[in-house]
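Here the structure is a predicted model, which means the values were calculated and not measured. Lettering follows sequence order; numbering is per chain, from 1. Any value given below was found using the heavy atoms of this structure, including those in side chains, with hydrogens, waters and symmetry copies removed.
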Amino acid sequence: MKLPSAYNPGDYEADIYASWEKSGVFQADPGSPKKHFSISMPPPNETGTLHLGSALFLVLQDILARHNRQTGYDVLWLPGTDHAALATNALVEKQLAEQGIDRHQLGREAFIEKVKQFSSQNRGRMLEQMRAMGAGPDWSRLRYTMDDALNRCVNEVFVKMYDDGLIYRGSRIVNWDPQLKTTVSDDEVVHKEEQGTFYTLQYGPFQIGTARPETKFGDKYVVMHPEDERYKQYRHGDTFEAEWINGPVKATVIKDEAVDPAFGTGVMTITPWHDHTDFEIAERHGLEKEQIIGFDGRLLPIAGEFAGQKIAEARPKIVEKLQAKGLLVKTDEHYTHNLALNDRGKGLIEPQIKLQWFVDVNRPAVQWKGQLRSLREVMHAVIEDGDIKIVPKRFEKIYFHWIDNLRDWCISRQIWWGHRIPVWYKDEEIYAGVRPPEGQGWTQDPDTLDTWFSSALWTWSTLVKPELAADFSLSLEDLLRLSPDFQTYHPTSVMETGWDILFFWVARMILATTYATGQVPFKTVYLHGLVRTEDGKKMSKSNPEAIIDPLEVISQYGTDALRLALVSGVSAGNDMRVGLSKIIDNRNFCNKLWNIARYIEGAAGDADGQTPEPKTPADHWILDKLSILTGAQRRNLDNFKFSEAYQDLYHFVWDDLADWYIEAAKAEPNAGLLKYVLGGSLILAHPFAPFITETLWQQLGYAKAGLLAAQPLPAVLQADKAEVAKFEDIKQIVSLARRWSKAIGSDTLVYHDSELLDQAAPLVKRLGRVGKFDKTTEAAGLRLPIEGYEIFISANKDKGRAYLEKIGGEKAGTESLINNLKVRLNNENYINSAPPELVQESREQLEAQYQKLKLLDEETRMVSDWVSR
RNA sequence: GGGAUUGUAGCUCAGUUGGCUAGAGCGCCUCGUUUACACCGAGGAUGUCGGGGGUUCGAGUCCCUCCAAUCCCACCA
C-alpha cells in the first residue's frame, strides 16, 4: 500500500469513524476492573445545527475521553440532546404561524406531535454532525431529556421537593413575555440600553418621574426615603386627594428605603403589579396591587378610554392627556434606561404577578453533611468545601456572587413543549405525584417545567437504568441504588462546558443533584470560552460571512484540521478567535504527519517496530524525546492544558521527529526504530487528530495490535543519557556548520581528533550540508566557536573578514552575559538570599561563558593576524 | 453602582510557586526544486512585556495607582 502524496481527509474519515463505532471502543464497561472516568456531554438543543461552539466542546471532551482511555481508564462519555422547551416551542409556533396556524387551534396533543417531528429531524442531523467531528461518546447510552426514564426522574424530584416544601405555588411577580406568552426565569432576562423619554408628572403635591406613564393608572401610593428632609412634613400613612389621569384618586404616603433621594425628585409612585422593586415595596408594607396591563400586552379596563390599546400606541395619547390636564411638568428626551428582553426571541419583558410554581432556595430542608441546610447553602458549601473544583478558579467568585443574589426560581412555563408539571387539581384539592391520581375529575396543571429543571438532573438521570425507571414500585432511591451506571460513574469526573451557562446549568445541576442524590454531580468543572471570529467579534447570525460552518471546513480541510485549530490557543475561561488561516495552518500539520508516515512507509514499511532497539545517538535521543512528550502529555491533559499539550506534540513531530530524527535516519537508518517512534507519535497525536492518525495506523500495518483508538500510551523509557548528550552535541555542531558556512560562503570543514566525530562525520556532513568534513591534524581555517571540539572551516582572507564581523557579534553577546553574571555574583545579598543551587548554577554559567570568550578571543586574534598579514 | 478578565514581536497567543540573554505559530527578509512533504527545508530581522510607583539580591510574573479594551451582575421610578 503506497500512500498518496497529500492527505485527503474525505477519502478516509467516514470509514474510520464507522470502524471505531463498530469495534465498541467507545463503549463504557461498568464491570471493568479498571478505574472509571466519566463525562456527561452537555446536551445540545435540538433546535438546529451544530456550530463552531459545539465543535469546541465536542473536541475538548473527545480529547479527554480518548486521553483517559489511553491512560488506562474505563471511560464513559455519555451523549445526549436537550428538548430545549422554550426555544423549540417558539420555533415550531413560528413555523405554524407562517402557515397561519395558532397552536391553540391545533390543540395540545397535535402541537406536541409537530414538535416531536421537528425535534427528531434535527436530532438525527445533529448526531451525524457529532460523528463528523470525530466525537466518540458511548452511543449505546444516548439519552434525551424527554426520555421516559428522565421524565420519571423529573417527576420524582418535583414531588420530593414539593413534599419537602421546597416547591411551592404562589402569586409573585414574574418576568412575563407577552410575545411568547410565558414566564421566564431571572437568568433568561437580558438588558439592552435604550434612549427614551423621562416624564415628570404632578401627583397631588408631589412631582414624580416615570418612563412608563401607561402603567400609572392605578397608582395610589407615593413613596419616599424615610430620611429625606424635603418631605419630612409627610408621615408614613398620610393620605391625600390628587387629580390623576382619569379623575381624582386617594393616595397614601409610604416611606421606604428603596427610594434613592438623589434620583429625580426623590419621590415616586409605585406599580406593584408590573415592577419588581415596586412589588417588593408593596409586599413590605402590605399594599394593594392592581393589574394594569393584560397578559396580551394590552391595557385593561382600569385604563378607561385607553383600555384595549397596546402600550406603544397608548403611551403618546396618555402623555397628551396628562399635558392637557396640566399634569405634565416636563419631559426629558435624553434618558437612557435598560429594556428587559427575553433572551430567547428577544421579546420585551412585562413583569406581571402570576400564580406560578417556584423553588424555594432559602428553606432549610436539605440534608447535607449531617446538617439541614437550604439549597442555597448547599450550593455554596460544595464549592467552599472543595467538593467541586471550578477551572479556572476565578469563576468561583462569580458563582458565589450569583448565589448571594439568588431569588426563588420560577420553574413553571406556559408552553406545551416540555415536562408537564406533575400536579393535579380537583376543586380545592391539590395532588402532586409521579403518576396521575386515582379517581375521576382531576385536571393536570397545564404548565410545563423550565428546561433547566430537567437539565439540572442530567449527570444522573441519564445513568438510571431505563428498565428500572419503568417500574413504579421502586422509589427514587431504589432507582439510583440498583442502576449500575449510577453506582459506577456518579459523581462524574468532569463537567466540561462554556462559562456562559454557569448559572443556567452548572449551578442548577449542583442544586438539584446534591438534593436528590446526596452527591455532587461532578468533581471538576472545566469552563471553556466562546469561539469568536478572527477579528474578535461574536459569531452571530447578523454577520453571516464571519460564521465558520464546521461542516464546510471539514469537507474542505478535514476534521482534524478543525479540531487542532480549536485546541491551539484554547485556555480555560477565555474566549478564543478562530479564522480560516488558523485552520489552514493546522491542516499543514496534518499533512506533515502524513508525509512523515509516507517516508517511514518507504524506509521501514516492513519493520515490525514493536520494541525499540536504539543503536545510534539519534535513536537514543528521539526515544528520550518521545518519553518526555508522553509524560508531558499526561500532565498537561490531566490538568486541562489542551493547548500546551498540543504545542508540545507539534514541536516533537515537526522539529524533533521530522527535522532532526528522520534527517539523521537517512544517514543511519534504523527501520525498527522509525516504525516504533512513528507508532508512538500516532498514539500521542490521536486524541487531537483522531482521523489521520487512525488512518495511518491502519495503512502502515500497525493494526495487528488493534485500532489506534484502543491503544495505551507508549511506555516511558529510561534514556541512556550519554548517548542522548552525544546527539545534542551533533545537533549543535550541525547548526554551527550550517550557520557559518552560510555566513562566510564556504562549505569545506575539517575536525581534529574526536571519537564522536570519527563516528558521526558522515551525519554532520549530510545534515549540515557541507561539501567536505574530514579529519586532520592541522589547524586549517577558521575555528568554529564550540567547546570540546576543534572544527575548522576553510576560508580565504575575505571570508576571514566576514568571519571576524560575525564573531564580533557573538563576542559582544557573551561579554554582556558575563557582565550580568558578574554583577549578580558580586552582590552579597544574592549570594546570601538566593537558593544555593541557583548561585552555583550562576557560577558554572560564568565559568562556561569565560571559556567561550577565551575561545572567541584566541580565535579573533589568530584570524585578525592572518587577515592583516 | 458592584465584580471579573485582558493588555508581551506586524497578527494570534505561551510564559507554571518571582530566577539563564523573554518564547511559539503565522507574517516579513535571504537562500535552497537534497529521491516524505513548496501544505517543504536552511538561515535571518523584529519586543522601553500598556504607563508610573513600590516590595525584592532579582519583577513579564507580587503589591499600589493610572490608562485602554472586553465581559458579567445589579438597576433608579
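- Taking atom CD on A:Gln647 and atom P on B:rA24, their separation rounds to 11 Å, with Å as the unit.
- Aromatic ring pairs are classed by plane angle as parallel below 30°, tilted from 30° to 60° and perpendicular above 60°; the pair A:Phe503 and A:Trp402 is parallel.
- Electrostatic pairing of A:Arg766 and A:Glu668 does not count as a salt bridge here, judged by no charged N lying under 4.0 Å from a carboxylate O.
- One can place CG of A:Leu767 at 16 Å from P of B:rU34, the figure rounded to the nearest angstrom.
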Please assess A:Asn175 against A:Ser185 for the test side-chain hydrogen bond (donor to acceptor under 3.5 Å, both in side chains), listing each intermediate value before the final yes or no. CA-CA 7 Å; A:Asn175 307 298; A:Ser185 67; over 6 Å; no
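- The CH2-P distance, from A:Trp654 to B:rC39, rounds to 11 Å in whole Å.
- Proximity of the aromatic rings of A:Phe688 and A:Phe589 is defined here by a centroid distance below 6.0 angstrom, and this criterion is not met.
- Aromatic rings of A:Phe691 and A:Tyr12 (six-membered ring for Trp) have centroids beyond the 6.0 Å cut-off, not under it.
- Base contact: A:Gln849 has a heavy atom under 4.0 Å from a base atom.
- Here A:Arg769 lies in heavy-atom contact (under 4.0 Å) with a base.
- Rounded to whole Å, the distance from CD on A:Glu534 to C1' on B:rG27 is 12 Å.
- Residue contacts for A:Asp275: at a heavy-atom cut-off of 4.0 Å it reaches the sugar-phosphate backbone alone, with no base atom in range.
- Which of B:rC75, B:rG43, B:rG19 sits closest to the side chain of A:Tyr830 comes down to B:rG19.
- Taking atom CZ of A:Phe589 as the reference point, atom P of B:rC40 lies 12 Å away to the nearest angstrom.
- In this structure, A:Ser5 reaches neither bases nor backbone, as no heavy-atom distance under 4.0 Å exists between it and the strands shown.
- A:Asp659 comes within contact range of the sugar-phosphate backbone alone, with a heavy-atom separation under 4.0 Å but no base atom that close.
- A:Asp585 comes within contact range of the sugar-phosphate backbone alone, with a heavy-atom separation under 4.0 Å but no base atom that close.
- Rounded to whole Å, the distance from CE on A:Met576 to P on B:rG25 is 18 Å.
- Listed nucleotides: B:rC39, B:rG25, B:rC37. Nearest to the side chain of A:Tyr650: B:rG25.
- At B:rG43, one or more side-chain N or O atoms of A:Arg738 fall inside 4.0 Å of OP1 or OP2 (strictly under the cut-off).
- In this entry the distance linking OH of A:Tyr646 with P of B:rC13 reads 16 Å, nearest Å.
- Counting any heavy atom pair closer than 4.0 Å across all strands shown, A:His276 reaches no nucleic acid atom.
- For the OP1/OP2 pair of B:rU35 and a distance below 4.0 Å, the side-chain nitrogens and oxygens of A:Lys666 include no atom meeting the criterion.
- Residue contacts shown for A:Lys393 are absent, as no nucleic acid heavy atom lies under 4.0 Å away.
- Using a 4.0 Å cut-off, some side-chain N or O of A:Arg824 falls inside it from OP1 or OP2 of B:rU21.
- Across B:rA14, B:rU21, B:rA36, the shortest atom-to-atom separation from the side chain of A:Leu817 is found for B:rU21.
- At the heavy-atom level, A:Leu821 lies nowhere under 4.0 Å from the strands shown.
- Checking B:rA36, B:rC76, B:rG19 against every side-chain atom of A:Lys592, the shortest atom distance belongs to B:rA36.
- Of the charged side-chain nitrogens involved, at least one lies within less than 4.0 Å of a carboxylate oxygen, so that A:Lys666 and A:Glu663 count as a salt-bridged pair.
- Contacts of A:Glu644 with the nucleic acid, taken as non-hydrogen atoms under 4.0 Å apart, involve only primed sugar atoms and P, OP1 or OP2.
- We find that A:Arg635 and A:Asp648 are not joined by a salt bridge, their nearest charged nitrogen and carboxylate oxygen being 4.0 Å or further apart.
- Among the atoms of the strands shown, only primed sugar atoms or phosphate atoms (P, OP1, OP2) are found under 4.0 Å from some heavy atom of A:Asn827.
- Backbone-only contact: A:Thr210 has heavy atoms under 4.0 Å from sugar-phosphate atoms and none from a base.
- B:rA42 atom P lies 8 Å from atom CH2 of A:Trp660, rounded to whole Å.
- A:Ser571 comes within contact range of the sugar-phosphate backbone alone, with a heavy-atom separation under 4.0 Å but no base atom that close.
- Residue A:Arg577 places at least one side-chain N or O under 4.0 Å from the OP1 or OP2 atom of B:rU12.
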